[in-house]
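Just below is one structure, and these are the notes that go with it.
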Amino acid sequence: MTEQVNVLVVGEGGREFAIAHKLQQSPKVKQVYCAPGNVGMKTVGVMPVDIPETDFAGLIRFAKEHQVAWTFVGPEDCLVDGIVDDFRAAGLKAFGPSARAAQLEGSKDYALNFMNNYGVPTARHASYRDQTAAIRDVDQFGFPVVIKENGLAGGKGVVIAPDRDTAVQTIKEMFGQGQARLVLEECLQGQEYSMFVLLSNDHYRILPMAQDHKRAYDGDKGPNTGGMGAYSPLPQLSAADYQRMVDEVVTPTVNGLVTGDYNYHGILYIGLILTAAGPKVIEYNVRLGDPETQVILPRLATDLFDLVDAALNDQPLPEVKEDPAACLGVVLASKGYPTKPVHGQSLGEFPQEDGIEIAYANVTGDLGDLRGNGGRLLMVLAKDASLKQAHDRVYRYLDGLDEPECFYRHDIGAKAGL
Ligand code: AMP
Ligand code: GLY
């Protein structure tokens with residue numbers, strides 16, 4: 001057997017929990033470090049490292065000192081700020097796109113231009129630098145209209161305004177809060193899906209797909225969040241519609257990345273709505289999704305280490321094998337999330353139960369006496385023979401908890417008929 005290696009994951013959320021956990025399970029890996037990680041990661045043998053994800057020099061120093069084979073970057077802000085470029089300049093391998101490619105997520109305008117250039121189907125849209133023009137044009141998109149901040153906003157910079165008055169007020173507020181630019185878009189109708197493409201420049205593999213639940217409350221009500229729950233696979237997505245996504249979206253996107261010389265080695269997350277007229281892209285993200293990662297990686301039967309290692313070394317990518325089992329997870333969030341989340345509440349201990357995994361995210365304190373740290377605290381997930389079984393197991397567990405300062409959605413998986 002070849003010698004085992006160390007790897008580093010950058011980030012601290014549930015997504016990084018899932019990435020680090022999966023890598024720690026690889027027979028090729030000795031130790032996964034996660035900077036800064038979270039205390040819950042210790043439950044799966046991952047070692048949190050006290051270096052903030054913004055301290056690129058500190059991370060580079062750590063990677064060198066601990067003979068890290070490569071680094072997997074979780075969050076978008078580091079990528080937009082050029083972490084991969086800095087690692088490369090220091091002679092280190094990091095999985096993720098360059099700062100230039102990360103603009104596909106960092107700027108809505110940039111992404112829309114890319115889609116227009118390379119023939120990727122998207123919503124009818126226009127970009128505005130001033131309030132008067134945006135308000136003048138808003139009727140052209142019909143109502144509801146989608147209003148997006150141009151920059152990174154953690155999934156929370158999008159407002160779907162049901163009528164003109166709300167739209168005008170939102171436009172004024174966004175420009176008033178200092179937004180230099182915003183995008184207006186036609187509101188697409190159809191189910192939303194998350195697709196993840198693992199790229200090694202022109203060579204790629206598609207990971208298992210998932211569906212997120214963006215709104216805070218049951219029935220897709222309330223404000224947009226980072227995501228409140230997810231599941232995989234997607235029984236409602238036909239093979240023909242999946243193939244359309246590959247042909248009409250993935251193919252021109254990868255062609256654009258290669259033609260545009262992005263030399264993309266990382267994950268591209270394509271957010272899609274399957275409309276009556278076919279799949280349309282609503283966003284690119286330059287990383288894995290949170291909470292989708294927590295439900296797709298347990299279903300990945302190919303070693304994630306092998307996939308990333310091959311991509312970073314420009315070797316042929318192994319095939320992606322999907323475990324036929326289903327995975328469903330529900331996010332436990334702080335009361336008040338996403339607008340005014342409670343901080344510091346006592347969570348106690350989460351009992352171990354067969355078939356249940358806790359993917360920890362925003363938690364602090366000790367494993368036996370955890371405290372919430374705002375936002376999405378953790379995900380309760382199960383992998384089982386069917387989605388229904390995974391669903392029932394997760395909700396039985398959640399219903400048995402007593403967490404008055406937290407909330408969760410009760411309808412994760414409803415669109416799959418659960
Ligand atoms: P984004 O930050 O672009 O992913 O948008 C956040 C959420 O807003 C998406 O996950 C969708 O639920 C919703 N959304 C964004 N764009 C559109 C659109 N053109 N039509 C309908 N819903 C959208
Ligand atoms: N689940 C949505 C995101 O990661 O952006």
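Just so you know, ligand 1 is whichever comes first in the structure, and atom 1 is the first atom listed for that ligand. Because only heavy atoms are used, hydrogens play no part in the values below, and waters and symmetry mates are left out as well, while side chains stay in.
The distance criterion of under 3.5 Å between nitrogen or oxygen atoms is met by Asp212 with respect to ligand 2. Taking distance alone, with nitrogen or oxygen atoms compared against 3.5 Å, Gly226 approaches ligand 2 more closely than that limit. Considering backbone and side-chain N/O of Asp290, one or more are found under 3.5 Å from N/O of ligand 2. Looking at ligand 2, you won't find any N or O of Lys214 less than 3.5 Å from one of its N or O atoms.
Between the side chain of Arg205 and the backbone N or O of Val197 there is no donor-acceptor pair closer than 3.5 Å. Side-chain atoms of Arg164 come within 3.5 Å of backbone atoms of Ile135 as a donor-acceptor pair (strictly under, hydrogens ignored).
No part of Glu105 comes within 4.0 Å of ligand 2, judged by heavy-atom distances. Of the heavy atoms in Asn224, only side-chain atoms (C-beta onward) come closer than 4.0 Å to ligand 1. Under 4.0 angstrom from ligand 1, the non-hydrogen atoms of Ile282 come from both its backbone and its side chain. Of the heavy atoms in Val146, only side-chain atoms (C-beta onward) come closer than 4.0 Å to ligand 1.
Around CZ of Arg88, the count of heavy atoms belonging to other residues, nucleotides or ligands within 6.0 Å exceeds 12.
Ion pairing between a basic and an acidic side chain is recognised when a charged N comes within 4.0 Å of a carboxylate O; Asp323 and Lys383 show such pairing. The pair Arg100-Glu105 does not meet the salt-bridge criterion, since no charged nitrogen lies less than 4.0 angstrom from a carboxylate oxygen.
Atoms of ligand 1 found under 4.0 Å from any heavy atom of Ala123 (numbered from 1 in listed order, with element): 19 (N). Numbered from 1 in the order shown, with element, the atoms of ligand 1 that lie under 4.0 Å from a heavy atom of Glu186 read 18 (C), 19 (N), 20 (N).
Ring-centre distance between Phe114 and Tyr118: below the 6.0 Å cut-off.
Within the structure, ligand 1 lacks Gly271 among the residues with a heavy atom less than 4.0 angstrom away.
Remark: among candidates Glu185, Lys148, Glu105, the nearest residue to atom 19 (N) of ligand 1 is Glu185, based on non-hydrogen atoms. Taking only non-hydrogen atoms, the option from Glu192, Lys108, Arg215 nearest to atom 12 (O) of ligand 1 is Glu192.
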Side chain to side chain contact (heavy atoms under 4.5 Å, CB included) between Tyr284 and Tyr110: does it pass, once the steps are laid out? CA-CA 10 Å; Tyr284 288 128; Tyr110 190 91; over 6 Å; no
Does the side chain to side chain donor-acceptor pair (under 3.5 Å) test come out yes or no for Asp290 and Gln294, once each step is laid out? CA-CA 7 Å; Asp290 190 341; Gln294 291 89 309; 2.8 Å; yes
